[in-house]
K.L.:
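Just passing along the structure, written as structure tokens.
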Amino acid sequence: MKRYTLRREPAAAATQFRIPYADELNPRQLEAVTALDGPVLVIAGAGSGKTRTLVYRVARLVESGIPPAQILLLTFTRKAAEEMLRRASALVGGSCAQIAGGTFHSFAHRTLRRHGELVGIASSFSILDRGDSEDVIGLVRGELALDRKERRFPRKQTLAEIFSMAVNKGTTVVDLVTAAYPHLVEELPDLLRVYARYTEFKEAKQLLDYDDLLVRLRNALAERTELAARLGREYRYLMVDEYQDTNALQADIVRLLAAPHGNVMVVGDDAQSIYAFRGADFRNILAFPTLFPAARVVTLDQNYRSTPPILDLANEIINRAPHRYTKNLFSERAPGDKPGLVRALTEPEQSRFVAQRILELREEGVPLQDIAVLFRSSFHSFDLELELGRRDIPFVKRGGFRFIETAHVKDVLAHLRVVANPADAVSWNRILLLLDGVGPKKAGDILATLAGPAPWERLAEARARGQSAAALARLADVLADVSRTADPGEQVSRVLAYYEPVLRRVYRDDHPKRTRDLEHFASIACRYRATGQLLADMALEPPTDSVGGILAAGDEDEGLVTLSTIHSAKGLEWHTVFVLWAADGRFPSPYTVGDDADLEEERRLMYVAVTRAKDLLYLTYPIEIWDRGAGVVFGKPSRFIADLDEEILEPIALVDEEP
């Protein structure tokens, strides 16, 4: 193992420190904490005590005589900054309350309020939160007559997302839409009109949205040397947490703030940069030594979370990345079980294994709240949710929506329900409102004419004109067609063939994502013998709050199993982690395979998933995967783990004992 020789301080200087840093920190952490002047890059591996290092570095600065008010700590959440400063205050006293800590946006806001005259904006400007921004965009959309019902122009929420992402990625609206929203390319001329008018409106009314705060600060620091110099004198020591999650704007702000003195420490892990969809760019952390040639690089690689076998797998996964900082996580914990690669025959068998193993762990004394199932995409857990419900295993789902909460899945289910129960007025109302030219009043009038068996036979005769008449006829045809088969998979297939153009029209902004959910639903339906059972499983215990599952009978104090997207799990840890659907084509997502940058982010996502586990880790996949277009296809392990030695990842084949 590579050893670092620490610079020893003179004995006289050592007596000024009340905190026994060498006793509280490992050698790498101590090196980072005592590196006070000049640029410092801390590569903090998963579970390596990053927050502890930042807290002790703040304490060291204060104990070294740096006035707390000259320290600036930038984080990505206010809670993170407050927690670090609270812990630092516990070490050195209440003086840490004078440290400027907060998010990039809050710092930009304070600076622009104080120095508005230098950047050409009144200090009385108002801030638009995301909801306010969407409302202004909606107003502009209306002004430009782009809100008419006969045209499916993107919603204000989608427009706000596009405009914000373009700013945070440092690109243009045209380039962003072309790359990420190709189905909206034909709307580009009007999208640009809305963007221009939105910008004009904010300027005229002295309004800044969240992105404007960063843009204005970055521009002011770059163009107003007196402001950069003033802030350099005010904040002589700059610290930045989670630097791998910065976007181009934030990296520019860090560089410009540090330029007068060079006293900047950034802490992060390039291997955990997984937020490119928000504009984060992991290249910022790779480029730091280039921007600051004198930078000292300190690597924190002792992991305090996971067992050595789990870390061996994590290291193997990330060491194959072409662009990275070299580090090898190690742990002084006792060896534990090797991670398992669980090969199930089918998705239901995968779900049964996870549910059964959870029950076994519970009997072994592992609390449910210390077990997590992680997945690449929200829809990957749909089948497991049903299985957990059958076994009365309580769970909470984080990230994405629960299966039956998604509007498009509810739409498809409504078509099946009216065939199964023609008197289901709620489902009738839902599918009628999906039709062009049918509003609540017309839907009510039509419903009044449909009493009796096989109402779709009278549906086409319902009083309607124009588009709605043709739409009613098409709906009548598909419901009659669905009623002619009792096979659930075939029924869903026929509904989806009809529903696809409806999906594109009603959910125009994000229909590609919703289509993937429906394809997975179709694969689930194919496993049922009766539509009634499918509908019953979908409808039992509908969610009524943010908890994604219903508490099983028994002691609720034992907690809930966590189901989570990997993005929502970053920074968390559990005794046992299952990584669901670790199959090529699902993880990595098929939509990333053609782009090297996207594929490498998927690798980092797998690394993040693996490093959430403390004691036990299972990666699971089915070998029979149903594809709507190709039927049953052969599944194989994710390319990130496919050829790993069995000493690193132990293969586990399941034997289904159920008849």
Side-chain angles (χ1 to χ4, degrees), residues 152-155 157-158 161-162 165 176-187 277 347 375-386 397 399-417 430-431 433-436 471 474-475 478 481-482 488-528 534 538 565 567 580-581 583-595 598 602 622 625-633 635:
R152 291 287 176 178
F153 192 71
R155 299 170 300 168
Q157 294 88 348
T158 302
E161 182 179 317
I162 290 171
M165 184 57 67
L176 181 73
V177 169
T178 302
Y181 299 83
H183 56 291
L184 298 180
V185 167
E186 63 183 29
E187 304 289 1
F277 66 93
E347 183 182 17
F375 31 84
R376 170 64 184 85
S377 300
S378 182
F379 70 86
H380 288 172
S381 71
F382 290 168
D383 188 76
L384 177 62
E385 292 173 38
L386 297 175
K397 184 172 181 180
F401 290 97
R402 251 192 110 206
F403 188 35
I404 60 173
E405 290 178 317
T406 53
H408 45 296
V409 172
K410 285 184 175 181
D411 291 344
V412 172
L413 286 170
H415 290 79
L416 300 179
R417 285 182 176 131
R430 184 178 190 95
I431 64 177
L433 290 176
L434 292 171
L435 304 180
D436 259 346
R474 287 192 296 273
L475 177 59
V478 73
D481 190 33
V482 170
E490 183 59 29
Q491 285 191 328
V492 171
S493 180
R494 294 179 186 185
V495 171
L496 291 181
Y498 158 81
Y499 181 69
E500 184 175 358
V502 178
L503 178 75
R504 289 176 175 271
R505 173 175 53 80
V506 176
Y507 305 106
R508 189 173 186 276
D509 299 350
D510 60 353
H511 66 81
K513 178 181 178 182
R514 295 175 187 264
T515 298
R516 298 197 291 275
D517 290 355
L518 294 177
E519 289 173 349
H520 197 71
F521 175 48
S523 72
I524 291 175
C526 286
R527 299 197 296 266
Y528 282 81
L534 169 66
M538 293 296 123
T565 60
H567 285 99
L580 208 63
W581 274 105
D584 220 49
R586 296 296 176 91
F587 196 168
S589 165
Y591 299 93
T592 66
V593 172
D595 186 293
D598 288 346
E602 295 283 302
I625 300 175
W626 190 88
D627 180 85
R628 187 181 172 196
V632 176
V633 297

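For reference, positions follow the sequence shown, starting with 1. Just so it is clear, the model here is predicted, and its values are computed rather than measured.
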K.L.:
Nearest 0.5 Å, what's the OG1-CG distance between Thr178 and Leu184?
P.N.:
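Nearest 0.5 Å value for the OG1-CG distance: 10.5 Å.
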K.L.:
Give me the atom names and distance for the closest heavy-atom approach of Ala414 to Ile431.
P.N.:
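Here Ala414 and Ile431 meet closest at CB-CG2, 3.5 Å.
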K.L.:
Atom NZ of Lys410 and atom CZ of Arg430: how far apart are they, to the nearest 0.5 Å?
P.N.:
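CZ of Arg430 is found 6.0 Å from NZ of Lys410.
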K.L.:
Which atoms form the tightest heavy-atom contact between Glu347 and Trp581, and what is the distance?
P.N.:
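Answer, listing the atom of Glu347 first, then Trp581: OE2-NE1, 3.2 Å.
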K.L.:
Does any part of the side chain of Val482, heavy atoms only, come nearer than 4.5 Å to the side chain of Tyr498, both counted from C-beta?
P.N.:
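Side-chain contact under 4.5 Å: no.
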K.L.:
Would you check if Phe521 and Leu413 make a side-chain contact, meaning some heavy-atom pair closer than 4.5 Å?
P.N.:
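Contact flag for Phe521/Leu413 side chains = yes.
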K.L.:
Once you round to the nearest 0.5 Å, how far does CG of Asp481 lie from CD of Glu490?
P.N.:
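Here the rounded value is 8.0 Å.
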K.L.:
Using side chain to side chain contact (heavy atoms under 4.5 Å, CB included) as the criterion, list what pairs up with Val506, not counting sequence neighbours.
P.N.:
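With neighbours one apart ignored, the set is Leu434, Val502.
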K.L.:
Over all heavy atoms of both residues, which pair between Ala525 and Pro488 is shortest? Give the atoms and the distance, please.
P.N.:
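Minimum heavy-atom separation between Ala525 and Pro488: O-CB, 3.7 Å.
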K.L.:
Tell me, do Leu580 and Phe587 make a side-chain contact under 4.5 Å, heavy atoms counted?
P.N.:
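The answer is no; the side chains never approach within 4.5 Å.
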K.L.:
What closest approach, in Å, do Ala180 and Pro182 show between heavy atoms, and which atom pair accounts for it?
P.N.:
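Closest approach of Ala180 to Pro182: C-CD, 3.3 Å.
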K.L.:
How close do Ile162 and Leu176 get, counting heavy atoms only, and between which atoms?
P.N.:
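For Ile162 and Leu176, the tightest heavy-atom pair comes out as O-CD2, 3.2 Å.
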K.L.:
Do Val185 and Val177 have side chains that get closer than 4.5 Å, going by heavy atoms?
P.N.:
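Contact flag for Val185/Val177 side chains = yes.
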K.L.:
Write down the atom of Asp584, the atom of Pro588, and the distance for their closest heavy-atom approach.
P.N.:
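Answer, listing the atom of Asp584 first, then Pro588: OD1-CD, 3.5 Å.
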K.L.:
Nearest 0.5 Å, please: how far is NE2 in His567 from CZ in Arg376?
P.N.:
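Rounded to the nearest 0.5 Å, the CZ-NE2 separation comes to 5.5 Å.
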K.L.:
Holding to ring-ring contact (aromatic ring centres under 6.0 Å, His included), I want the full list of residues that pass it with Tyr181, two or more places apart in sequence or in another chain.
P.N.:
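Scan of Tyr181 (ring-ring contact (aromatic ring centres under 6.0 Å, His included), adjacent residues dropped) gives none.
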K.L.:
Mind checking side chain to side chain contact (heavy atoms under 4.5 Å, CB included) for Arg514 and listing every partner two or more places apart, or none if nothing turns up?
P.N.:
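Result, side chain to side chain contact (heavy atoms under 4.5 Å, CB included) vs Arg514: Ala407, His408, Leu503, Tyr507, Asp510.
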K.L.:
To the nearest 0.5 angstrom, please state how far the CZ atom of Phe379 sits from the CD atom of Glu519.
P.N.:
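Phe379 atom CZ to Glu519 atom CD measures 8.0 Å (nearest 0.5 Å).
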K.L.:
Measuring only between side-chain heavy atoms, which start at C-beta, is Arg504 closer than 4.5 Å to His183?
P.N.:
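A side-chain contact is absent here, since even the closest heavy-atom pair is not under 4.5 Å.
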